Amino acid sequence: MKIYYKLNLLIIFLLVISTLIITASVNVRMSDALEQEMLERELIIAEYVTEDLANPLLQKDAIAVNEIIDNVMIRNTDVRYIYVVDFDGVVVAHTFSQGFPADMVTANLIPPNEKTAIKVFSVEGESIQDVGVRVLDGMDAKVYFGFSRANIITSINKTTNTIVSTVALVLLLGIVMSFLLTRTLTSPIEKLVAGINRVAEGDLDFQVEVTTSDDIGVLADSFNRMTAERKRTEEALRESGEKYHLLADNTLDCIWQINLDFKFTYVNPASYQLLGYTQEEWIGSSLSDHCSPENMEFMLNLAKEEIKKGNNPNGLIFETELFHKNGEIIAVEINEKIIFDDDGNPVSIQGTTRNITERKQAEEILRAEQNKLINIFNSMEDGIYIVNQDYNIEYVNPVLMKDLGEWEGRKCYSYLHGREEVCPWCKNLDVLSGKTLQWEWKSDKTGKIFDLIDTPLKNPDGSISKLEIFRDITKRKQAEEEIRKLNTELEQRVAERTAELEDKNAELERMNKLFVGREIRMVELKKQIAELEKDIKPDKKAGDKTT
């Protein structure tokens, strides 16, 4: 099969594979982002509602509870239902028009040590994300929200369709371009292959026609120069044996050889791409002609140390700077080795030099971004620390360091908890597997209570570390405890006042009975007096007549 067809098949295969990978990756990332955004919004709504419900639930104000959840339903059209469980585990309010479904109570139980519970299930054919949140930490009062996932599913489907359509169009254009490109590429390659065959047959005078100035043209020109160099090399080998048989004449790295006076005896053509010098200009020059005195001294000392070590098969790798012919300073990586004769005496130094300017620039950009990120962390009011997979602390910001002290060279379980082994409750494995967690922790060292957010952090080398944010909620917790105490005291005072009122009412009832009885006796006495007066008046009249 010709290379034209092979290239086309390979390009099409790579395009299809890369397209599928990109499509799947983008779709997964977009879905995850939308899911995360929805969850964050739901948790924010839940947090605000739980704060509003705390006091009405403590005061057992069912009317206020119903008003709060009704307002939430009005303001959030994607909320399908809300129900509230009080501190006794009884559903005190809900928004179900047909009555509260009994099985909802156990559908999404919040674990004892957790503040929230999230579960997705289908209700009447609609995908619902049920979010349960404790009203107060450590207590049984809870509120559950049923959020419709219809919008996010629609968004994911639209995004997926858009991605698939776009990628399909790009794939089609890529296939068309691959056919055109491979035809353009393979034509000069086929000529180059024909030239290689000629040269392989021994025709070192053959030259490939160079018709373009692109990479293929450079390759053809390099082949021509390589053929000419090979011819010269074979002639030189016939004259001087195998003096240069180990040296490559065409590599991306600059290959060189110097004597013990640090003068170059050989350099390959890559010296021109590296520093702008031709082989003729380079050979015979001194190393000191191409670097600063400080770098020259640095490399001399390295060479002396290598010579003292003897024949080291691994050689030496180091970084330094060389001068380009135009005066520019080039950052390079040198891999050198001392060459010894059969008697163990050093005779020369050979090695390779590679341009690492782009790598250095990339490292500098990365370093600047890291410094920028550290500056942001250093200016935050919340505590932050980063730990790797081996529990080694990589960073602690000043806020956390002020509370816990210096951290360099310490394990997280030693620094935070004063332990000598991994904590049984450690969240590192969950976070390093990709999960983001939120939980509370009380420091035995400071007595402070923190709201912790753990999230995975991808490093430039591909490894994963854990980023943990510490938000001090001690005052909030103290306030919650004070509210609980005040509510308890209020309930006690209400009970005492109620008892006093009951005693007063009993006393009033007793006095009222006494007054009522007295009035009745007074009425009876008045009647008796009136009757006596009636009896006395006739007696008086009879006495008068007798007299």
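Positions are given from 1, in the same order as the sequence printed here. As the structure is a computational prediction, the values presented were derived from the model and not from experiment.
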Can you list everything that forms a ring pair (Phe, Tyr, Trp, His ring centres under 6.0 Å) with F323? Sequence neighbours excluded, please. none

According to ring-ring contact (aromatic ring centres under 6.0 Å, His included), does anything in residues 348-370 pair up with another residue at least two apart or in another chain? List the pairs. none

Which label fits W441 and F470: parallel for a plane angle under 30°, tilted from 30 to 60°, or perpendicular past 60°? perpendicular

Taking the basic N atoms (NZ, or NE/NH1/NH2) and the acidic carboxylate oxygens, is any pair closer than 4.0 Å for K119 and D130? no

Test of understanding: with salt bridge (Lys or Arg N to Asp or Glu O under 4.0 Å), list the residues that count as partners of D382, not counting sequence neighbours. R471

For D451 and Q438, does a side-chain donor sit closer than 3.5 Å to a side-chain acceptor? yes

Does a salt bridge link E306 with K309, judged by any charged N lying under 4.0 Å from a carboxylate O? yes

Checking K360 now: which residues fulfil side-chain hydrogen bond (donor to acceptor under 3.5 Å, both in side chains) with it, not counting sequence neighbours? E319

Is the W425-H417 ring centre distance short of 6.0 angstrom? yes

Does a salt bridge link K477 with E440, judged by any charged N lying under 4.0 Å from a carboxylate O? yes

Answer yes when R410 and E394 have at least one side-chain N-carboxylate O distance shorter than 4.0 Å, and no when they do not. no

In terms of side-chain geometry, is the basic nitrogen of K325 or E281 positioned less than 4.0 Å from the acidic oxygen of its partner? yes

Are Q350 and E336 linked by a side-chain donor-acceptor pair shorter than 3.5 Å? no

Here the ring-ring contact (aromatic ring centres under 6.0 Å, His included) pairs for residues 357-381, sequence neighbours left out, are F377-Y395

Can you list the residues that meet the ring pair (Phe, Tyr, Trp, His ring centres under 6.0 Å) rule with F298, with sequence neighbours excluded? F318

Among L467, I453, V399, V396, which residue meets the side-chain contact (heavy atoms from CB on, under 4.5 Å) test with I384? L467

Do Y415 and W407 have ring centres separated by under 6.0 Å? no

When you check the side-chain N and O atoms of S463 and N459, is any donor under 3.5 Å from an acceptor? yes

With no hydrogens and no angle check, do the side chains of N259 and T265 hold a donor and an acceptor under 3.5 Å apart? no

Taking the six-membered ring for Trp, is the centroid-to-centroid distance between H324 and Y277 below 6.0 Å? no

